[in-house]
Student: 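For reference, the structure I am asking about is given below.
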Amino acid sequence: MGVTTYSDEFTSPIPPARLFKALIVDSHNLIPKLMPLAVKSIEITEGDGGAGSIRQINFAEGSQVKCMRNRIDELDEKNFSYKYSLIEGDGLMDKLDKITYEAKFEPTADGGSKNKMTSTYYTKGDFVLTEEEIKAGKEKALAMYKIVEGYLIQNPDAYA
């Protein structure tokens, strides 16, 4: 089994508390509203939404991926950090055991936030992920992030 880790950093004019609430804590309500052509629904199928819970993401019809199941490994609302694992679904392509994600939102001097995202891919056998596959995943994550950020900029009272 191979293990590959990638990290990214983004800055945002949105403070960490608002971004964390919208992108992480309430994403099961917000993301399907903001991205109905991509995400049909997100449901918590086991647990209360905290650590140990299972979230199922159901993608819109016509999507390459039908659904994915994530296990929430850590949800720290005080320190704005979140860890979860993609444990089941078409996103694993039968070539990955799992993918783990870590997100950490930190305040910046200008009232915005610096956000670190780390993805770790656990491949099966001698399968090697291509740069294109990694890039495609990063671009989807960044697009969702930018949509939520735009919504928060346009709606200053949301998640305040």
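Please read these numbers as outputs of a predicted model, since none were measured by experiment.
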Student: Please report the interatomic distance OG(S113) to CZ(F80), rounded to the nearest 0.5 Å.
Tutor: 9.5 Å
Student: Measure across E43 and S41 and return the closest heavy-atom pair with its distance rounded to 0.1 Å.
Tutor: OE1-OG, 3.5 Å
Student: Answer with yes or no whether the hydrophobic clustering places V65 together with I87; edges join I, L, V, M, F, W, Y residues whose side-chain heavy atoms lie under 4.5 Å apart.
Tutor: no
Student: What distance separates E77 CD from K21 NZ, expressed to the nearest 0.5 Å?
Tutor: 8.5 Å
Student: State the OG-CE distance between S7 and M117, to the nearest 0.5 angstrom.
Tutor: 11.0 Å
Student: Check whether any side-chain heavy atom of N70 sits under 4.5 Å from a side-chain heavy atom of Y101, and report yes or no.
Tutor: no
Student: Can we say K135 and E132 salt-bridge, meaning some charged N sits less than 4.0 Å from an Asp/Glu carboxylate O?
Tutor: no
Student: How about NZ on K124, more than 12 heavy atoms from neighbouring residues, nucleotides or ligands closer than 6.0 Å, or not?
Tutor: yes
Student: Is any side-chain heavy atom of Y84 less than 4.5 Å from a side-chain heavy atom of L75?
Tutor: no
Student: Check the hydrophobic clustering (I, L, V, M, F, W, Y; side-chain heavy atoms under 4.5 Å; chains of links allowed) and say if I14 and L34 are grouped together.
Tutor: yes
Student: Do I134 and K138 have side-chain heavy atoms sitting under 4.5 Å apart?
Tutor: yes
Student: Please answer whether the main-chain N or O of D48 pairs with a side-chain N or O of S53 as donor and acceptor at a distance below 3.5 Å.
Tutor: yes
Student: Can you see whether S85 engages T100 through a side-chain donor-acceptor pair at a distance of less than 3.5 angstrom?
Tutor: no
Student: Do you know which two heavy atoms are closest between L86 and M68, and how far apart they sit?
Tutor: CD1-CB, 3.6 Å
Student: Taking T123 for its side chain and G2 for its backbone only, find out whether a donor-acceptor pair lies under 3.5 Å.
Tutor: yes
Student: Do I44 and I54 land in one hydrophobic cluster if side-chain heavy atoms of ILVMFWY residues count as linked below 4.5 Å?
Tutor: no
Student: Please determine whether the number of non-hydrogen atoms from other residues, nucleotides or ligands lying under 6.0 Å from atom CG of D110 exceeds 12.
Tutor: yes
Student: Measuring from atom CZ of F105 to atom OG of S12, what distance do you get when rounded to the nearest 0.5 angstrom?
Tutor: 9.0 Å
Student: Less than 4.5 Å apart, any side-chain heavy atom of R69 and any of E46?
Tutor: yes
Student: Which atoms form the tightest heavy-atom contact between S81 and E74, and what is the distance?
Tutor: OG-OE2, 3.3 Å
Student: Side-chain heavy atoms under 4.5 angstrom apart, residues restricted to Ile, Leu, Val, Met, Phe, Trp, Tyr: same cluster for I153 and I147?
Tutor: yes
Student: Quick one, N79 with K104, criterion side-chain contact (heavy atoms from CB on, under 4.5 Å). Give me CA distance, side-chain angles, the key distance, then yes/no.
Tutor: CA-CA 8 Å; N79 297 303; K104 177 95 174 103; 3.8 Å; yes
Student: Could you tell me whether the side chain of V148 reaches within less than 4.5 Å of the side chain of Y151, counting heavy atoms only?
Tutor: no
Student: How long is the gap from CZ on R55 to OG on S27, to the nearest 0.5 Å?
Tutor: 3.5 Å
Student: How many angstroms lie between atom CZ of F10 and atom CG of L19, to the nearest 0.5 angstrom?
Tutor: 11.0 Å
Student: F59 versus Q64: any side-chain heavy-atom pair under 4.5 Å?
Tutor: no
Student: Please give me the minimum heavy-atom distance between K40 and P32, naming the atom from each residue.
Tutor: O-CB, 3.8 Å
Student: What are the two closest heavy atoms between L152 and Y159, and how far apart are they?
Tutor: CD2-CD1, 3.7 Å
